[in-house]
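Scroll down for the structure; my scribbles are underneath it.
Computed over heavy atoms, backbone and side chain alike; hydrogens, waters and symmetry mates excluded.
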Amino acid sequence: MNAKHTPGPWHIDGRDVCAWDGKIETTICECYAHISIGRYNAEDNARLIAAAPDLLSAIELIANAFANGEHVIEYMQGVARAALAKLTR
């Protein structure tokens, strides 16, 4: 796939989602707090957005493994856990 988004990895800085290319940090977006289920969730939203490139990569890896006929249960678990870990840091 030829992704047309800002390359990852992305990270959060407060409520901002940023990308670092080794020279320049770019703000991808700012997440603002609003009450949802009785709490402010801007940082949770930022964490989910920041994980998008990793989640895209995980899905691509899993799809390619299936396309190549590989036995991928353990592989899928590892890729999925790595992508999800970014959400729960």
Working to the nearest 0.5 Å, report the span between CD1 of I49 and CG of D44.
-> 11.0 Å
Mind checking the CD1-CD1 spacing from I12 to I28? Nearest 0.5 Å is all I need.
-> 13.5 Å
May I have the step-by-step check of side chain to side chain contact (heavy atoms under 4.5 Å, CB included) for R47 and W10, ending in yes or no?
-> CA-CA 9 Å; R47 191 172 3 292; W10 294 357; over 6 Å; no
Shortest non-hydrogen contact from [X] to [Y]?
X   : Y   : answer
A19 : P7  : CB-O, 3.9 Å
P53 : A50 : CD-O, 3.5 Å
V17 : A46 : CG2-O, 3.4 Å

Does anything in residues 12-21 pair up under salt bridge (Lys or Arg N to Asp or Glu O under 4.0 Å), and if so which pairs, sequence neighbours excluded?
->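 Sorted pair list: R15-E30.
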Residues which pass side-chain contact (heavy atoms from CB on, under 4.5 Å) with T26, listed by chain and number, not counting sequence neighbours | I24
